[in-house]
Amino acid sequence: MKKGRVFSGARPTGKQHIGNYLGAIQNYVKLQENYDCIYCIVDIHALTTLEDTHLLKANTYDMMLDWLAAGLDPQKSILFVQSHVPEVTELHTLLSMVTPLGWLLRVATFKEKVKMQPHNVNYGLVGYPVLMTSDIVLYKADTVPVGEDQLPHLELAREIVRRFNFIFGETFIEPQAKLTNFPMVVGLDGERKMSKSYDNQIELAATPEETAAKIMTAFTDPARKFRNDPGHPEVCNIYRLHGFYTSLKMPEIGEKCRSAQIGCVECKRLLAENLNKALAPFRERRAQIAQRSGYVQEVIADGARRAQALARETLKEVKDKMGLP
Ligand code: TRP
């Protein structure tokens, strides 16, 4: 017996990096065992910023391929692309009627976006959380695995649900956030969250050589200027990354860094080696899947069919409750 229904969405950012994997994907994979899971690439949400729209198709494909290689399983879960089930936009319109504008204008992410793209404060941007709510409730999901940054959006989703249910009668489930208790993965600049937009990422699908070369560019302990200077592992992101991939030997590496027995270059080489070892099975599966011509597209089409069947049922109920003739 499954514990409930999970829905999560992620924007089509293309090839996934180890931050995406450690922070979200590995959790998505685990949840498949105990929940009915629906995982969606939210391409319409990506349009709210109108960046790189010419890459949407390729990014969606690359992302789905990474998801599959990482263990998301179309036999267990519904894997699909948001725009392939257009019912979500219809529900978005209907939910917009019960969402006070004041609630949306107060959302912190909206205010940030206004600062970041003052030339493009579009209507869709204000409605971003309503579309996200539609994603979740269209499939009657009760559990939403997200990072902390999404909690305000989820609180808003719960408020919209409560308001709808209050006006039109019990229809939707109030979704619960399920926080991924995973420390943020810092990028190779040693400062900011690992993200493609900062170009500080290590891609899962990179070759071992690319991975090693990228790691060599990483910032380490800024106080350690020469090979023989003692290091400070506690401020070094390479050391932190070892924690994810080399955990058994951590005390040893820390000690060797502090006493300058190991230099940063050697330390990075060791990380590259361990990381490449850890990613080898993923990379092999990815290559195999990529070779099966049309397979990813088939998974996406099948996911859309299954998601749409659920979506139609909910939408019918919603229109009925709202009194549409
Ligand atoms: N807003 C989420 C993000 O930026 C993406 C998202 C869209 C989402 N719809 C969702 C997440 C539904 C969870 C559930 O990461």
Side-chain angles (χ1 to χ4, degrees), residues 7-14 16 19-20 23-24 38-60 62-63 80-139 141 144-164 172 174-175 177 184 192-199 201 307 311 314-315 318 322:
F7 184 99
S8 195
R11 278 178 280 186
T13 48
Q16 301 291 283
N20 298 130
I38 306 178
Y39 297 119
C40 178
I41 296 179
V42 293
D43 54 345
I44 309 177
H45 274 110
L47 285 181
T48 55
T49 50
L50 282 185
E51 271 163 11
D52 297 331
T53 51
H54 64 289
L55 295 176
L56 276 177
K57 274 205 179 87
N59 282 350
T60 299
D62 283 338
M63 191 159 158
F80 78 109
V81 177
Q82 187 182 33
S83 67
H84 294 179
V85 183
E87 280 77 3
V88 76
T89 61
E90 199 173 348
L91 184 59
H92 170 262
T93 300
L94 297 175
L95 290 184
S96 76
M97 308 304 171
V98 301
T99 309
L101 188 55
W103 290 5
L104 298 175
L105 297 176
R106 275 200 298 273
V107 173
T109 45
F110 171 68
K111 293 191 212 164
E112 274 160 36
K113 280 277 152 67
V114 171
K115 268 191 215 144
M116 276 162 60
Q117 50 183 69
H119 51 283
N120 181 22
V121 183
N122 60 68
Y123 175 50
L125 199 57
V126 194
Y128 186 108
V130 185
L131 184 58
M132 178 162 159
T133 304
S134 308
D135 280 330
I136 300 165
V137 305
L138 185 57
Y139 304 103
V144 185
V146 280
E148 223 167 15
D149 60 317
Q150 294 297 314
L151 284 183
H153 285 155
L154 218 78
E155 199 39 57
L156 196 65
R158 294 159 59 81
E159 281 173 42
I160 294 172
V161 161
R162 282 198 287 270
R163 195 163 149 86
F164 186 98
F172 296 122
E174 268 185 53
M184 178 181 71
R192 293 177 294 185
K193 178 176 171 167
M194 187 175 284
S195 162
K196 187 170 175 175
S197 45
Y198 303 140
D199 193 24
Q201 83 279 33
T314 306
L315 200 59
V318 170
M322 292 183 93

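Predicted model only: the values in this text are computed from it and were never measured.
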What is the distance from atom [atom1] of [X] to atom [atom2] of [Y], rounded to the nearest 0.5 Å?
X: Ser8; Y: Ile136; atom1: OG; atom2: CD1; value: 8.0 Å
X: Leu104; Y: Tyr128; atom1: CG; atom2: OH; value: 13.5 Å
X: Arg163; Y: Met97; atom1: CZ; atom2: CE; value: 13.0 Å
X: Met116; Y: Thr49; atom1: CE; atom2: OG1; value: 8.0 Å
X: Leu156; Y: Met132; atom1: CG; atom2: CE; value: 9.5 Å
X: Tyr39; Y: Phe80; atom1: OH; atom2: CZ; value: 12.5 Å

Check [X] against [Y] and note the closest heavy-atom contact, atom names and distance.
X: Thr48; Y: Gln117; value: O-NE2, 3.4 Å
X: Val126; Y: Pro129; value: O-CD, 3.4 Å
X: Val81; Y: Cys40; value: C-SG, 4.3 Å
X: Ala177; Y: Leu151; value: CB-CD2, 3.6 Å
X: Asn122; Y: Leu125; value: OD1-N, 2.7 Å
X: Pro175; Y: Leu154; value: O-CD2, 4.2 Å

Step-by-step side chain to side chain contact (heavy atoms under 4.5 Å, CB included) determination, Thr13 to Asn59: CA-CA 6 Å; Thr13 48; Asn59 282 350; 5.9 Å; no
Mind checking side chain to side chain contact (heavy atoms under 4.5 Å, CB included) for [X] and listing every partner two or more places apart, or none if nothing turns up?
X: Ala311; value: Val85, Glu87, Leu138, Tyr139
X: Met184; value: Val186, Lys193
X: Asp149; value: none
X: Thr133; value: Leu95, Val137, Ala157, Ile160

Would Asp135 and His45 count as a side chain to side chain contact (heavy atoms under 4.5 Å, CB included) here? Give the steps. CA-CA 10 Å; Asp135 280 330; His45 274 110; 3.2 Å; yes
Once ring-ring contact (aromatic ring centres under 6.0 Å, His included) is applied, do any residues pair with Phe110, and if so which ones, sequence neighbours excluded?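 Checked Phe110 against ring-ring contact (aromatic ring centres under 6.0 Å, His included); zero matches.
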For [X], give me all partners under side chain to side chain donor-acceptor pair (under 3.5 Å), at least two apart in sequence or on another chain.
X: Arg162; answer: Glu174
X: Asp43; answer: Ser83
X: His92; answer: none
X: Thr109; answer: His153

Decide if atom CD of Glu155 counts as having more than 12 heavy atoms of other residues, nucleotides or ligands within a radius under 6.0 Å.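 Yes.
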Hey, could you give me each pair passing salt bridge (charged side-chain N to carboxylate O under 4.0 Å, His left out) that has a residue in residues 107-133? Not counting sequence neighbours.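 Found none.
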Got a sec, which pairs hit salt bridge (charged side-chain N to carboxylate O under 4.0 Å, His left out) with one end in residues 117-134, sequence neighbours left out?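 Residue pairs with at least one partner in residues 117-134: there are none.
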According to side chain to side chain donor-acceptor pair (under 3.5 Å), does anything in residues 94-106 pair up with another residue at least two apart or in another chain? List the pairs. none
Audit row: Phe164, Leu94, side chain to side chain contact (heavy atoms under 4.5 Å, CB included) steps and yes/no: CA-CA 10 Å; Phe164 186 98; Leu94 297 175; 5.9 Å; no
Evaluate the side chain to side chain contact (heavy atoms under 4.5 Å, CB included) criterion for residues Gln82 and Leu131: first the C-alpha distance (whole Å), next the side-chain angles of each, then the deciding distance (0.1 Å), finally the verdict. CA-CA 10 Å; Gln82 187 182 33; Leu131 184 58; 3.8 Å; yes
